[in-house]
Amino acid sequence: MARQTKSIPWLHRYARIALGAIAILGAALTAYLTVIEATGGQAACPTNGCNIVLSSPYAQLFGLPLPLFGCLGYLGMAVFALGPLLVNKQQNKDFRLWLEDTTWLLLFAGGWAMTVFSAYLMYLLIFEIQAFCPYCVTSAILSLSLLGISIFGKRWDDIGQLAFVGLLVIFVTLIGVAGVYSTVNQAESGPTETAEGVAPPPIQNSSGPAEIALAQHLNSIGAVKYSAYWCPHCHQQREMFGKEAFEYITVVECAEGGQNAQPAACRAAGIEGYPTWKIDGENYAGAIPLSQLAEISGYEGPMNFIHSQ
């Protein structure tokens with residue numbers, strides 16, 4: 001009589017491959033956003049919400065782009081998912097089984113941590129930043145998918161242990177997120193309170209003759225830089241000019257609570273992200289290299305900028 005074999009559910013059979021594919025997709029997505037955030041560029045996005053999110057005070061942690069941490073998380077999940085598949089099951093059976101059990105628990109914990117963090121970011125997106133970012137929503141869906149497959153892609157023996165680990169990870173993640181964002185953008189060189197509102201960080205770079213000449217030219221043609229005191233890309237733009245040259249730049253503070261804030265003027269000018277330059281009636285978003293600002297504005301002076309990026 002033929003022995004009946006217990007069939008393995010298809011999800012259990014392909015769970016690690018699915019987890020690895022989702023994690024690699026998430027890593028690619030967040031790596032792209034990391035590059036955009038680090039270079040001050042503009043994300044390819046059907047709405048301007050992506051750039052609003054990337055220029056918000058929540059887009060950096062410990063002075064580093066937030067998507068970088070997401071990329072590292074996805075890469076870790078990819079390693080946990082696919083690593084055991086690289087071990088020969090015939091030659092290293094005991095090690096393979098131990099590695100599978102250990103990484104499944106890590107995938108479960110990582111899935112909960114990434115999902116809780118994504119949920120918090122969705123809360124910020126809806127209630128604080130109030131902008132729609134397709135990349136952020138996609139990342140949240142990928143995180144939730146990782147969690148779902150880590151739960152249902154394996155037959156768990158000890159449900160009690162699983163519940164304990166899940167609750168512990170949720171608690172630790174929430175405490176960590178609250179602690180991190182309670183001090184976001186409060187670095188030593190960060191914004192300072194004044195009688196007129198919160199001022200942006202002081203400019204550290206000194207200006208060269210070319211930076212001063214370009215700033216004077218922008219001033220003469222009525223160019224305006226719309227900014228927010230908390231915006232890292234805005235500060236990056238200021239550092240490109242240096243402190244002497246930036247004295248000539250006309251700046252409108254858009255953030256509520258900022259020094260001499262004019263949010264109504266920013267709305268009237270159609271400002272959706274920071275920084276945004278208005279030159280000859282056109283809006284140009286992002287921290288723009290000085291050589292590009294020179295070209296846009298018709299500047300014909302010296303071009304040997306010392307802080308062009």
Side-chain angles (χ1 to χ4, degrees), residues 37 40-43 48-60 63 65-66 124-125 127-131 133 181-207 211-212 214-290 292-293 296-297 307:
E37 170 70 10
Q42 298 291 296
N48 199 45
C50 304
N51 297 310
I52 293 175
V53 170
L54 289 174
S55 63
S56 76
Y58 302 100
Q60 292 206 351
L66 177 62
L124 294 176
L125 202 68
F127 296 104
E128 297 293 333
I129 304 173
Q130 297 182 351
C133 172
Y181 277 119
S182 68
T183 58
V184 69
N185 288 329
Q186 296 300 315
E188 200 172 20
S189 61
T192 55
E193 287 281 357
T194 71
E196 298 81 19
V198 183
I203 300 174
Q204 302 298 322
N205 287 338
S206 296
S207 307
E211 282 82 3
I212 293 174
L214 174 60
Q216 290 173 333
H217 167 74
L218 291 170
N219 180 277
S220 69
I221 65 171
V224 177
K225 175 179 176 284
Y226 292 88
S227 186
Y229 68 88
W230 43 256
C231 168
H233 294 323
C234 300
H235 186 60
Q236 179 187 11
Q237 185 79 85
R238 295 164 73 234
E239 292 287 1
M240 289 184 196
F241 280 95
K243 53 180 175 288
E244 294 86 2
F246 203 76
E247 293 292 329
Y248 294 97
I249 300 297
T250 301
V251 179
V252 175
E253 174 62 51
C254 296
E256 293 280 1
Q259 193 173 51
N260 301 315
Q262 302 177 57
C266 299
R267 289 193 293 271
I271 306 305
E272 297 181 323
Y274 313 120
T276 294
W277 289 88
K278 185 174 283 291
I279 302 174
D280 292 332
E282 297 290 331
N283 287 355
Y284 301 89
I288 303 174
L290 300 190
Q292 189 177 341
L293 276 176
I296 292 170
S297 66
H307 305 299

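- Nearest approach of Leu214 to Ser297, heavy atoms of both residues: CD1-OG, 4.3 Å.
- The distance from atom OG1 of Thr276 to atom CD1 of Ile271, rounded to the nearest 0.5 Å, is 4.5 Å.
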Show every donor-acceptor pair shorter than 3.5 Å between a side-chain atom in residues 282-289 and any protein atom, with sequence neighbours excluded, or say none if there are none.
| residue | atom | partner | partner atom | Å |
| --- | --- | --- | --- | --- |
| Asn283 | OD1 | Lys278 | NZ | 2.7 |
| Asn283 | ND2 | Ala269 | O | 3.2 |

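- Smallest separation of non-hydrogen atoms from Pro232 and Glu37: CG-OE2, 4.3 Å.
- Remark: Cys254 SG to Cys266 SG, distance under 2.5 Å.
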Throw together a table of side-chain donor-acceptor distances under 3.5 angstrom for residues 219-226, partners on residues two or more places apart or in other chains.
| residue | atom | partner | partner atom | Å |
| --- | --- | --- | --- | --- |
| Asn219 | ND2 | Tyr248 | O | 2.8 |
| Ser220 | OG | His217 | O | 2.6 |
| Lys225 | NZ | Ser227 | OG | 3.1 |

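- Between Asn205 and Phe246, the closest side-chain pair of non-hydrogen atoms is not below 4.5 Å.
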Q.
Run the side-chain contact (heavy atoms from CB on, under 4.5 Å) test on Glu253 and Tyr229 for me, step by step, so that the C-alpha distance in whole Å, both residues' side-chain angles and the decisive distance to 0.1 Å come before the verdict.
A. CA-CA 7 Å; Glu253 174 62 51; Tyr229 68 88; 3.7 Å; yes
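- In this structure, Phe241 and Leu218 approach most closely via the heavy-atom pair CZ-CD1, 3.7 Å.
- The two residues Cys234 and Ala228 make their nearest non-hydrogen contact at SG-N, 3.6 Å.
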Q | Full working for side-chain contact (heavy atoms from CB on, under 4.5 Å) between Leu54 and Cys133 | A | CA-CA 9 Å; Leu54 289 174; Cys133 172; over 6 Å; no
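- Here the side chains of Arg238 and Lys243 are not in contact, with every heavy-atom distance at 4.5 Å or above.
- By the ring-ring contact (aromatic ring centres under 6.0 Å, His included) test, Tyr274 pairs with Trp230, sequence neighbours left out.
- By the 4.5 Å heavy-atom criterion applied to side chains, Gln237 and Leu290 are counted as neighbours.
- Judged by distance alone, the side chain of Glu244 and the main-chain N or O of Ser206 form no donor-acceptor pair under 3.5 Å.
- The nearest pair of heavy atoms linking Ala215 to Ala245 is CB-O, 3.2 Å.
- Closest heavy-atom contact between Ala199 and Gln259: CB-OE1, 3.8 Å.
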